[in-house]
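Throughout, numbering of the chain's residues begins at 1 and tracks the sequence.
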Amino acid sequence: MLQGLTGWHFLIILAVILLLFGAAKLPALAKSMGQSARVFKGEIKAMKDDDTPVKTDAGTAASVPAPVTDTRADAGGSAETKP
């Protein structure tokens with residue numbers, strides 16, 4: 001796609017970008033793009049970390065405990081399940 005572009009083509013593209021956005025807005029645009037890339041990279045790393053199982057001392061994956069339900073009488077519930 002970009003095999004036929006020469007140095008002149010890139011200079012023309014740069015001039016068009018400068019005309020469209022203005023020289024004053026380009027640093028802010030570059031900063032926001034850098035911040036977006038940093039956030040995206042951090043989210044991808046967090047997703048990869050979430051996918052890896054946590055090892056316990058026995059060497060097996062740790063299980064997630066089931067959520068605890070409140071069945072106290074003063075909490076509006078009873079020992080039986082609500083309909």
Side-chain angles (χ1 to χ4, degrees):
M1 181 173 146
L2 299 175
Q3 291 97 5
L5 295 179
T6 63
W8 286 107
H9 292 114
F10 288 114
L11 286 175
I12 292 171
I13 291 171
L14 180 63
V16 170
I17 290 173
L18 280 172
L19 287 174
L20 288 176
F21 294 106
K25 293 183 181 178
L26 285 179
L29 179 67
K31 180 180 177 183
S32 70
M33 286 180 62
Q35 287 175 342
S36 298
R38 195 174 307 119
V39 167
F40 182 73
K41 183 179 176 182
E43 291 295 326
I44 294 295
K45 183 179 178 188
M47 286 176 58
K48 286 181 181 178
D49 290 344
D50 288 345
D51 288 343
T52 58
V54 178
K55 298 288 183 175
T56 60
D57 291 338
T60 59
S63 63
V64 177
V68 178
T69 57
D70 191 4
T71 57
R72 296 178 294 153
D74 63 336
S78 64
E80 292 83 27
T81 59
K82 290 185 178 181

Participant: Do the non-hydrogen side-chain atoms of Lys41 and Arg38 ever get within less than 4.5 Å of each other?
Facilitator: no

Participant: Could you pull out the closest heavy-atom pair between Pro27 and Ala24, with the gap in Å?
Facilitator: CD-O, 3.5 Å

Participant: Can you give me every donor-acceptor pair (side chain of residues 7-21, partner residue at least two apart or in another chain, under 3.5 Å) with its distance?
Facilitator:
{"residue": "His9", "atom": "ND1", "partner": "Thr6", "partner atom": "N", "Å": "2.9"}
{"residue": "His9", "atom": "ND1", "partner": "Thr6", "partner atom": "OG1", "Å": "3.0"}

Participant: Linking directly or through intermediates, with side-chain heavy atoms under 4.5 Å: list the remaining ILVMFWY members grouped with Ile44, chain and number order.
Facilitator: Phe40

